[in-house]
Novice: 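If you scroll down you'll find the structure; I have some questions about it.
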Amino acid sequence: MSLAEAVDRFVPDGSAVAIGTALEALIPFAAGHEMIRQGRRDLELVGPISDALFDQLIGAGCVRRVTAAWVGNVSEGLGQCYRRAAEDGVPRRIEVHDHTNFSIALALWAAAWNVPSLPTRTLLGSDILSTNPHLRVADGLVQVGAMRPDVAVVHVQRADAMGRAHAWGPLGITEEAGLAADRVVLTCEELVDASVTLSDPNRILFPETKVVAVVHEPGGAHPSPVQGYFKRDHSFFRAYAAESRTAEGFNAWLKRWVLDLPGRAAYMKRFDVGALRVKGTALSSPVNFADE
Amino acid sequence: MSLAEAVDRFVPDGSAVAIGTALEALIPFAAGHEMIRQGRRDLELVGPISDALFDQLIGAGCVRRVTAAWVGNVSEGLGQCYRRAAEDGVPRRIEVHDHTNFSIALALWAAAWNVPSLPTRTLLGSDILSTNPHLRVADGLVQVGAMRPDVAVVHVQRADAMGRAHAWGPLGITEEAGLAADRVVLTCEELVDASVTLSDPNRILFPETKVVAVVHEPGGAHPSPVQGYFKRDHSFFRAYAAESRTAEGFNAWLKRWVLDLPGRAAYMKRFDVGALRVKGTALSSPVNFADE
Amino acid sequence: MSNGAYTPQELMVAVASREIRDGDLVFVGMRLPILAYAVARNNHAPNARGLFEVGLLRDQPSAKFLGTMGDPPNVAGALWATRMSNVMALMAQGLVDLGFIGGAEVDRFGNLNTSYVGPPATPVVKLPGSGGGADIAILSRRWVTLMSHEPRRLVDRVSFVTSPGHGDGSVGWRKRNGLLGSGPAAIVTTLCVFRFPERGGEAYVDSIHPGHTLDEVRANTGWAVEQPQDVKETAPPTASELVVMRGLAS
Amino acid sequence: MSNGAYTPQELMVAVASREIRDGDLVFVGMRLPILAYAVARNNHAPNARGLFEVGLLRDQPSAKFLGTMGDPPNVAGALWATRMSNVMALMAQGLVDLGFIGGAEVDRFGNLNTSYVGPPATPVVKLPGSGGGADIAILSRRWVTLMSHEPRRLVDRVSFVTSPGHGDGSVGWRKRNGLLGSGPAAIVTTLCVFRFPERGGEAYVDSIHPGHTLDEVRANTGWAVEQPQDVKETAPPTASELVVMRGLAS
């Protein structure tokens, strides 16, 4: 399936979208950019921290609400579009449901286990309790209300056409996001035969019954890193931080990198992909699944 | 470390021991037998289902309490020692804290996250609510009280000396048991170099900070299966079911297979290991952890 | 018990397999249920998938003998090997269409006892316990139990409810008590198939297996079985159903 | 600001590294804290281990440049790559000995604000938020924050408590409110080191960095800094500390 079709069919206006769930790596920038290109509106973005992608979706006016622990540009600092939206309502006002990294994970586990809330000690004494209506204190513990995304958008190293995804490196809250979400859209560096994914069922991220789309989108996480495939493009984040300092600068950036491009293949031609590509090999030691 | 030393140091009388957490596979029979040999007393056994090992520890008089969803002999039916203990107090009375498979997992997650309880809909309408004091109904949900084992005893395919364990196949409640437990004792088919385990940090089961002992004990899960290493020894389970039908029969079985043997190496000489060994190869497709 | 062409167990497997709809996510147990799953997959439900509480998802059941669901052949070729709590999460979300539960005894409201015969503190028989049974009974959308038809197994009221069916049999008991799914869809025995009113209540005879009678059912059931409105005959296993189950059961 | 032999940041890293004890499990952040962790590992704390909230456990920090903790060199050689909630589980169990938290502003009771300047509904500045900061502040056994010493950063009271230190500064505030750890152990600034009374309260000057004065500290702090009982001088970075941090910071 093409990314355009996947976003069109499975990420309608108004969706609650979990995206960027592995924190700084494997961020589905290509999918986010496609949402922008399609003029998606009134999204609720759900994630732990977001390294620039939430900022871009907010700046493009796609977002109604942010449910997250941190929104900015990890190596560069504040998110300028996030600031403009929250401070000045530019391009539109957004609602912010603050979380901590742990509490957003628990919100997803609550949804995965289909209970109204899960308890924790984190957030006790924090003013975040007063800004997020889905957090409340009872019996000396914080009850974190369930967050069920309509869709989790996840970038992985490899997947097969049936939706069995292999991802590696730290996974943040990816597993709970996929289990909690109504459906999962996958983008992947490599579309592989089922014999590859099924050779290691322990590494399969989600039950395929949750997965509604598998999109082969190499480089779909740029400028974020992909273990074994791409290094992080630090200078791209730095340039984005500088250019997004003003709304005009952001709009120029957006035109150049998203709106004027038909898709990821064209995007990948606009920078030195080779310099970012991982060339080395550090293979996992295989394990034997034989049964006799 | 030898298994005798590990059990001596880390599984004292009165311990709450999570064991057999992967359900029917990877059951640490060798470790359980060593507890019997050392005359361990007043243990609380914690697990989901137990395929014969709980029955043996109960029959040997090691157990004060069972906190589990199911105790018996999976392919053969009832646990005869469990019956004698629960029905007749032979060799001693035991306390039973009933669970379901899901609720024992939640009890361990509650301990892992250090909260008093976690909510669920499972168990609503079940009389198990009346026999386990750690379950209560509040606001239409069951609150499953946290269960923190003193020690989780886990058999894995391979581990290094620092306690980094690789296990594969379905893992049941192994991950939450290790996270919840105060400490983890590992037995493994292969003691490998750290370069093997660290080649795939996603497959490492537990943080090494939880692991207090790594014991190289090939065949330590017999008669339960070990993916890639050993088939299940069905006839051994069948013979155990037959012999354990009476207390005398069980005691004879125990003498022959546990008490009269110095350890696992001697045990492994008493049956046709070769017939059970997995000879085939079905390797997982490796993944690349390279960073540049 | 058999008419010679098939065994009572084979009939039970065939009946159970027909409860599986194409595309269903099925919580599969061992023995007869896994055969039923195999029959369905290979006949009318090629897109069904099977979950195993040990932490596995499969499409095709293993062609090799399984003593337990944790046996290596059940892992090889699995579509997902994970934690049990993840499998339970899917069921808690209402995504498991059908579950199978074994039981020592079932009562007329579909409640199962696999825990205690006699008082729990001083049991006459200590049964193994719930395992995942209560989870399936409470969380799956609908479930089926298979049982040898004996008066000691089909009892008026179980003394201990491990896995709740329709509780006290009152209409809406499950919903009132917060249980998630609709409960037992059928009790498949060696003599007949019981079903339940949609919103709960007492089991009624839906069909009687070929060669058996209502009197026989009544004589072997621990509660007063009412006269069914129309007594259907259970459809026997088809040739293609038998081929699959016989291929696997060896 | 520097005496020429080292920069203020290098002094801060050295001070922070000394908060790490051998065998500690440390919740490591990026930038200065990861340098502090590297210095400790290579000097007095060879058995320390570092947790990263992204879902990683390490012994040696990567020798390569990291823009973020999710960068590939931080994964290669990791001792555990897992879910964030598992890392948080260890912290919730009280197993994280020391955490580092960054902050836009800190107040005299050690509370950090990384959320809002001005009213949350109509903020003057929207800061990025907690990330894992509040988790560390509430759950780790003790924590340290590093900050440039400016009056706008060291304020009397933060307007929004993202990550609580000692709350309103009353004795026992953390315990009374159910927070797990003992809270902030130190605020390490470009001018001095603040510490706190054991059961909570107001930050006091524990040591002043070489070349700086109490007057300078007072002039750059948003609350009335009390006269310390004895004004120590912060020990400068040792040669071996500098070697490690300079080797990594490039």
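By convention in this document, chain letters (A, B, ...) are assigned in the order of the sequence lines, proteins followed by strands, and residues within each chain are numbered from 1.
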Novice: Which of parallel (below 30°), tilted (30 to 60°) and perpendicular (above 60°) describes W168(A) and F289(B)?
Specialist: tilted

Novice: Please determine, among V287(A), L171(A), L141(A), D139(A), the option with the most heavy-atom pairs under 4.5 Å with chain B.
Specialist: V287(A)

Novice: By a 4.5 Å heavy-atom criterion (distance strictly below it), what part of R158(A) contacts chain B: side chain, backbone, both, or neither?
Specialist: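 Only the side chain of R158(A) comes within 4.5 Å of chain B.
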
Novice: Counting only non-hydrogen atoms closer than 4.5 Å, can you tell me which residues of residues 269-286 of chain B sit against chain A?
Specialist: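 Near chain A, by residue number: V278(B), K279(B), G280(B), T281(B), A282(B), L283(B), S284(B), S285(B), P286(B).
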
Novice: How long is the span from the CG atom in N202(B) to the CG atom in N202(A), to the nearest 0.5 Å?
Specialist: 11.5 Å

Novice: Below 4.5 Å, heavy atoms only, C-beta onward: do N288(B) and Q157(A) meet side chain to side chain?
Specialist: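 No - every pair of side-chain heavy atoms lies 4.5 Å or more apart.
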
Novice: Using non-hydrogen atoms only, which part of D291(A) is less than 4.5 Å away from chain B: side chain, backbone, both, or neither?
Specialist: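 For D291(A), backbone and side chain are both near chain B.
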
Novice: Applying ring-ring contact (aromatic ring centres under 6.0 Å, His included) as the test, list every pair that has at least one member in residues 172-210 of chain B; sequence neighbours left out.
Specialist: none

Novice: Please state whether the side chain, the backbone, both or neither of F102(A) comes within less than 4.5 Å of a heavy atom of chain B.
Specialist: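 For F102(A), the contact with chain B is made by the side chain alone.
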
Novice: Taking 4.5 Å as the heavy-atom cut-off, does anything in residues 121-138 of chain B contact chain A, and if so which residues?
Specialist: R121(B)

Novice: Heavy atom to heavy atom, less than 4.5 Å: which residues from residues 173-198 of chain B reach chain A?
Specialist: V196(B)

Novice: Counting only heavy atoms closer than 4.5 Å, note whether P201(A) contacts chain B via side chain, backbone, both or neither.
Specialist: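 Contact with chain B is absent: no heavy atom of P201(A) under 4.5 Å.
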
Novice: Any salt bridge linking R203(A) with D200(B)? Criterion: basic side-chain nitrogen under 4.0 Å from a carboxylate oxygen.
Specialist: yes

Novice: Considering all heavy atoms of both residues, which atom of T120(A) and which atom of V115(B) are nearest to each other, and what is their separation?
Specialist: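 Where T120(A) meets V115(B) most closely, the heavy atoms are CA-CG1, 3.8 Å.
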
Novice: Using heavy-atom distances under 4.5 Å, tell me whether N114(A) contacts chain B through its side chain, its backbone, both, or neither.
Specialist: both

